[in-house]
Number of protein chains: 2
Amino acid sequence: MDKKTKNLFEARAKIIKALAHPARLFIVDQLSHGEKCVCELTEMIGSDVSTISKHLGILRNNGIISYEKRGTQVFYSLRVPCVLNFFSCVESVISSNAREQLLLLKD
Amino acid sequence: MDKKTKNLFEARAKIIKALAHPARLFIVDQLSHGEKCVCELTEMIGSDVSTISKHLGILRNNGIISYEKRGTQVFYSLRVPCVLNFFSCVESVISSNAREQLLLLKD
DNA sequence: TGGTTATTTGGCAAAATAGCCAATAATATG
DNA sequence: CATATTATTGGCTATTTTGCCAAATAACCA
């Protein structure tokens with residue numbers, strides 16, 4: 001694999017890795033319904049604020065979400081809505097796996 | 001976040017995590033052109049066979065690829081082609097980030 | 001059967017990730 | 001200004017992931 005190809009796939013993996021966490025997927029899902037402040041997301045997820053802030057930082061640094069500061073609050077929104085397309089495919093993988101499991105049980 | 005929601009997003013993250021590695025993305029990309037044996041993928045990627053085999057195991061265990069044994073070789077193929085849709089979105093994130101970088105340089 | 005090739009598995013050390021607490025920064029408000 | 005609120009950052013430990021080597025497994029062939 002030449003260097004250029006390697007860089008390409010590393011860049012792609014970096015973006016996907018930024019999404020590869022339950023809390024971060026939940027955040028993306030929530031932001032698809034409109035902007036949310038850190039406190040709202042923290043409330044919903046139920047981890048420490050610092051933890052949520054770090055998750056937001058990962059999504060932000062990878063250009064998946066954007067933010068706007070208003071007063072003491074920071075509001076995040078989805079910058080690249082196409083990531084929502086991931087969900088339907090992931091869902092089909094999950095149900096396909098479940099069907100496979102059922103088939104195996106029949107043996 | 002209730003338990004059901006938590007489980008849902010954990011299941012989704014597990015699938016996405018399985019894809020979140022340069023070598024594994026490369027494998028998915030290659031398999032989109034047709035089945036490949038472990039030796040071919042190993043040759044292309046240039047890591048140890050055992051490393052490639054473990055990557056394949058992760059994709060396989062998450063239902064993203066399937067395999068068929070023929071003789072001493074094992075041929076892998078893409079089980080859920082919709083994961084290829086990820087690439088175009090990821091690409092748009094990357095180019096959007098690049099444009100953002102350019103804007104920042106102008107300041 | 002013995003040897004060869006292809007692949008997987010076990011085990012280990014290094015690196016990356018996650019999540020908490022404490023400390024800091026920024027802004028609003030009395 | 002002092003204090004409260006909201007969010008980010010630093011630092012730490014625990015956990016997970018990665019990738020190599022060595023060993024085991026499987027199928028083919030002489």
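Model, not experiment: these values are computed from the prediction. In the text below, chain A, chain B and the rest are named by the order of the sequence lines, each starting its count at 1.
Nearer the 5' end of DNA chain C, as judged by each residue's closest nucleotide, is the contact made by A:Ile58, out of A:Gly71 and A:Ile58. If you find the closest nucleotide of DNA chain C to B:Cys37 and to A:Ala23, the one lying nearer the 5' end belongs to B:Cys37. Along DNA chain D, the nucleotide closest to A:Val38 and the one closest to A:Lys17 are compared, and the more 5′ of them pairs with A:Val38.
In terms of heavy atoms, B:Val93 sits closest to A:Gly63 at CG1-O, 4.3 Å. Residues B:Ala23 and B:Ile45 approach most closely at O-CD1, 4.0 Å, considering heavy atoms. Between A:Arg79 and B:Ser96, the shortest heavy-atom distance links the atoms NH2-OG, 2.8 Å.
A:Leu25 places none of its side-chain heavy atoms less than 4.5 Å from the side chain of A:Phe86. Two residues are said to be in side-chain contact when any heavy atoms from C-beta on lie closer than 4.5 Å; B:Glu91 and A:Arg12 meet this criterion. Residues A:Phe26 and B:Leu8 form no side-chain contact, since every pair of their non-hydrogen atoms from C-beta on lies 4.5 Å or further apart. Side-chain contact between A:Leu19 and A:Arg24 is absent, with no heavy atoms from C-beta onward closer than 4.5 Å.
If you check every strand for non-hydrogen atoms under 4.0 Å, B:Arg24 touches sugar and phosphate atoms only. Using a 4.0 Å heavy-atom criterion, one finds that B:Ser47 contacts the sugar-phosphate atoms exclusively. Residue A:Tyr76 is in sugar-phosphate contact alone, with no base atom involved, counting any heavy-atom pair closer than 4.0 Å across all strands shown. A:Phe75 comes within 4.0 angstrom of nothing in the nucleic acid, heavy atoms only.
Following rounding to the nearest Å, B:Ile27 (CD1) and D:dT18 (C1') show an atom-to-atom distance of 14 Å. Between the CD atom of A:Glu10 and the C1' atom of D:dT18 there is a distance of 13 Å, given to the nearest Å. Taking atom CD of A:Glu40 as the reference point, atom C1' of D:dT5 lies 15 Å away to the nearest angstrom. Taking atom NZ of residue B:Lys69 and atom C1' of nucleotide D:dC28, one finds them 11 Å apart after rounding to whole Å. In this structure, A:Lys54 atom NZ and D:dT6 atom P are separated by 20 Å, rounded to whole Å. Taking atom OH of residue B:Tyr67 and atom P of nucleotide D:dA27, one finds them 11 Å apart after rounding to whole Å. Rounded to a whole Å, the CG atom of A:Asp48 is 15 Å from the P atom of D:dT9. As rounded to whole Å, 10 Å separates atom C1' of D:dG19 from atom CD1 of B:Ile52.
Dashed line: the shortest gap from a side-chain N or O of B:His55 to OP1 or OP2 of D:dT17 is not under 4.0 Å. A sub-4.0 Å separation between OP1 or OP2 of D:dC20 and a side-chain N or O of B:Thr51 is present.
Along DNA chain C, read 5' to 3', the first and last nucleotides having any atom under 4.0 Å from a heavy atom of chain A are C:dT17 to C:dA28.
Comparing the axis of the opening five pairs of the helix from C:dT1-D:dA30 to C:dG30-D:dC1 with that of the closing five pairs yields an angle of 10°, rounded to 10°.
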Could you please spell out the steps behind the side chain to side chain contact (heavy atoms under 4.5 Å, CB included) verdict for A:Lys54 and A:Thr51?
CA-CA 5 Å; A:Lys54 280 183 182 171; A:Thr51 300; 5.9 Å; no

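Remark: the backbone N or O of A:Ile58 is paired with a side-chain donor or acceptor of A:Asn62 at under 3.5 angstrom. Side-chain atoms of B:Ser53 never come within 3.5 Å of backbone atoms of B:Val49 as a donor-acceptor pair (strictly under, hydrogens ignored).
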